[in-house]
Student: 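Here it is, the structure in full.
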There are 2 protein chains.
Amino acid sequence: MKKVNVRKPGAGRPRDEDVTRQIRAAAMELGLESGFDGLSIEAVAAHAGVGKTTIYRRWRNVWSIVADAVLDDVAKLAPLQEQSTARGSLAASMRLAARYFRGPRGKVLRALIGRAQVDRTLHKALIEQWLLARRNVTREFVRRGIAKGELRPDLDPDIVIDALYGPLYHQLLLPYDSGHGDLSDAYVDALVETVFAGLERKGE
Amino acid sequence: MKKVNVRKPGAGRPRDEDVTRQIRAAAMELGLESGFDGLSIEAVAAHAGVGKTTIYRRWRNVWSIVADAVLDDVAKLAPLQEQSTARGSLAASMRLAARYFRGPRGKVLRALIGRAQVDRTLHKALIEQWLLARRNVTREFVRRGIAKGELRPDLDPDIVIDALYGPLYHQLLLPYDSGHGDLSDAYVDALVETVFAGLERKGE
DNA sequence: TAAATACGATACAAGTCGTATCGTATCGTA
DNA sequence: TACGATACGATACGACTTGTATCGTATTTA
């Protein structure tokens with residue numbers, strides 16, 4: 001999915017980067033308009049005013065184009081935000097992620113994660129370039145929170161991240177429409193509050 | 001996805017239920033063997049020793065067959081289990097769900113949820129017949145836990161279920177392979193423990 | 001017996017796939 | 001300037017799947 005333009009620049013006519021961008025844009029446009037299901041290379045080629053050869057020279061199939069378009073700039077699109085406390089960092093970053101999920105790119109990410117369930121290469125790329133790229137940073141938020149005495153010292157950072165972010169992905173892919181299906185900031189806040197405070201009754 | 005055999009039994013030769021079962025079985029078999037990506041009606045027909053017409057008379061496409069095979073008996077496959085405490089009920093039911101996710105049917109569910117991201121009809125069926133069917137029961141576990149004073153009275157049951165089950169679906173679809181990617185019982189237990197106890201440091 | 005429907009088989013047009021082959025255009029290098 | 005190498009758009013190609021239609025036969029109800 002990465003390394004789209006692997007080529008020795010030794011000789012020959014170089015690839016036109018404008019054409020590359022046009023193809024990416026055409027794929028996203030067509031997908032968001034008519035759905036990513038029937039998205040075909042031929043349709044993308046026609047919509048971009050480009051020969052099929054030109055596409056196949058860069059990507060192996062349609063999903064590689066979409067993945068490339070999204071994964072190229074993960075960090076920019078749904079950035080992580082560090083604040084003074086672990087709770088603050090996590091809540092702020094989750095809000096940004098939820099906002100991303102709500103937007104048009106969320107629809108693309110849904111289609112990508114969906115397709116990844118039957119496409120091993122895409123699945124691997126998604127985990128490495130999207131999920132782990134974010135998680136490696138998020139894990140530090142938790143570790144620092146533990147080090148500062150803000151969080152319980154016996155916590156497993158990955159379990160914590162799962163408990164917080166798992167519901168977000170769950171809502172993205174299978175919104176059950178029970179009042180929280182919109183991935184709103186209020187939902188994120190309620191989630192953070194619930195997980196941080198725990199479920200058990202305190203005073204007794 | 002439900003109501004596979006909608007037909008007036010007034011006259012004519014009735015459908016052969018054995019054939020219906022054979023088609024379902026053939027679809028699952030082929031999918032688990034060769035992957036659900038390239039699964040075609042023609043292949044299923046050939047593998048089941050059946051004409052394409054016979055399949056199209058029952059389902060509109062391949063995914064309807066698979067969905068039908070899985071959603072037909074949700075309750076039996078990953079049952080919910082009530083115990084004396086809400087925590088016990090949730091932990092036990094989550095273990096059963098995780099076991100289901102680990103098994104061969106988990107692969108099918110992955111493919112189904114994946115396909116549902118670009119198939120509105122399937123998406124709706126999955127939420128109504130799988131997710132909500134389970135959630136409506138699970139919600140009562142939480143409500144009773146609150147009523148009995150076991151859980152905090154100000155909890156939103158759906159948020160609680162999201163925090164617990166969200167990570168399970170997250171791990172099913174995007175296992176990040178950091179030691180917990182196996183959806184083991186230990187993972188479930190750690191998750192329950194973390195969410196129930198909360199993240200904040202108690203003694204201070 | 002007659003109407004109605006199911007069944008397996010085969011044929012069909014339409015669409016997409018991935019590859020190959022054109023002639024033309026654009027680069028680096030001799 | 002000339003040459004080799006590669007990119008580009010266009011077109012054609014065989015292979016495959018799709019969903020529908022049609023055939024002769026089988027099975028059920030009325």
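Letters A, B, ... are given to chains in the order of the sequence lines, protein chains preceding strands, and every chain is numbered from 1. As the structure is a computational prediction, the values presented were derived from the model and not from experiment.
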Student: Between dC16(D) atom P and Ile41(A) atom CD1, what is the distance in whole Å?
Tutor: 20 Å
Student: Which pair of non-hydrogen atoms, one from Leu155(B) and one from Gly198(A), has the smallest distance, and what is that distance?
Tutor: CD2-O, 4.5 Å
Student: In the strands shown, is dT29(C) matched to any nucleotide by a Watson-Crick or G-U wobble pair with both distances under 3.5 Å, and which?
Tutor: dA2(D)
Student: Can you tell which of dT18(D), dC8(D), dA12(D) lies closest to the side chain of Lys52(A)?
Tutor: dA12(D)
Student: Pick the closest DNA chain C nucleotide for Glu42(B) and for Gly51(B) by heavy atoms, then say which residue is nearer the 5' end.
Tutor: Gly51(B)
Student: Please pick, from dC7(C), dG9(D), dT18(D), the nucleotide with the shortest atom-to-atom distance to any side-chain atom of Thr54(A).
Tutor: dG9(D)
Student: Would you mind reading off the distance between Arg60(A) atom CZ and dC17(C) atom P, rounded to a whole angstrom?
Tutor: 15 Å
Student: Rounded to whole Å, please give me the gap between CZ in Arg15(B) and P in dT29(D).
Tutor: 16 Å
Student: Tell me: CG of Leu39(A) to C1' of dG15(C), nearest whole Å?
Tutor: 15 Å
Student: So Asn61(A), base contact, sugar-phosphate only, or nothing? Heavy-atom distance under 4.0 Å.
Tutor: nothing
Student: Using whole Å, what does the distance between atom P of nucleotide dA6(C) and atom OH of Tyr56(B) come to?
Tutor: 17 Å
Student: Can you tell me if Arg13(A) touches the phosphate of dG9(D), counting only side-chain N or O atoms and a distance under 4.0 Å to OP1 or OP2?
Tutor: no
Student: Between P on dT16(C) and CG on Asp37(A), what's the gap in Å once rounded to a whole number?
Tutor: 12 Å
Student: Pick the nucleotide of DNA chain D nearest each of Gly49(A) and Val62(B); which residue has the one closer to the 5' end?
Tutor: Gly49(A)
Student: Check whether any side-chain nitrogen or oxygen of Arg57(A) sits under 4.0 Å from OP1 or OP2 of dC8(D), and answer yes or no.
Tutor: yes
Student: What are the two closest heavy atoms between Arg102(A) and Asp185(A), and how far apart are they?
Tutor: NH1-OD1, 3.7 Å
Student: Side chain of Pro14(A): nearest nucleotide among dC17(C), dC27(C), dC7(C)?
Tutor: dC27(C)
Student: Decide yes or no on ring-ring contact (aromatic ring centres under 6.0 Å, His included) for Tyr100(B) and Trp130(B), but give the supporting numbers first.
Tutor: CA-CA 13 Å; Tyr100(B) 181 89; Trp130(B) 171 274; 5.5 Å; yes
Student: Grab the two heavy atoms, one from Ala98(A) and one from Val188(A), that are nearest each other, plus how far apart they are.
Tutor: CB-CG2, 3.7 Å
Student: Using OP1 and OP2 only, check whether a side-chain N or O of Arg58(A) sits under 4.0 Å from dC8(D).
Tutor: yes
Student: Would you kindly give the CD1-to-P distance between Ile23(A) and dA7(D), to the nearest whole Å?
Tutor: 12 Å
Student: Using atom types as modelled and distance alone, determine if a side-chain donor or acceptor of Arg24(A) lies under 3.5 Å from a backbone N or O of Asp68(A).
Tutor: no
Student: Would you indicate which nucleotide in dG9(D), dA10(D), dT5(C) comes nearest to any side-chain atom of Thr53(A)?
Tutor: dA10(D)
Student: Rounded to the Å, how far apart are Asp18(B) CG and dA26(D) P?
Tutor: 19 Å
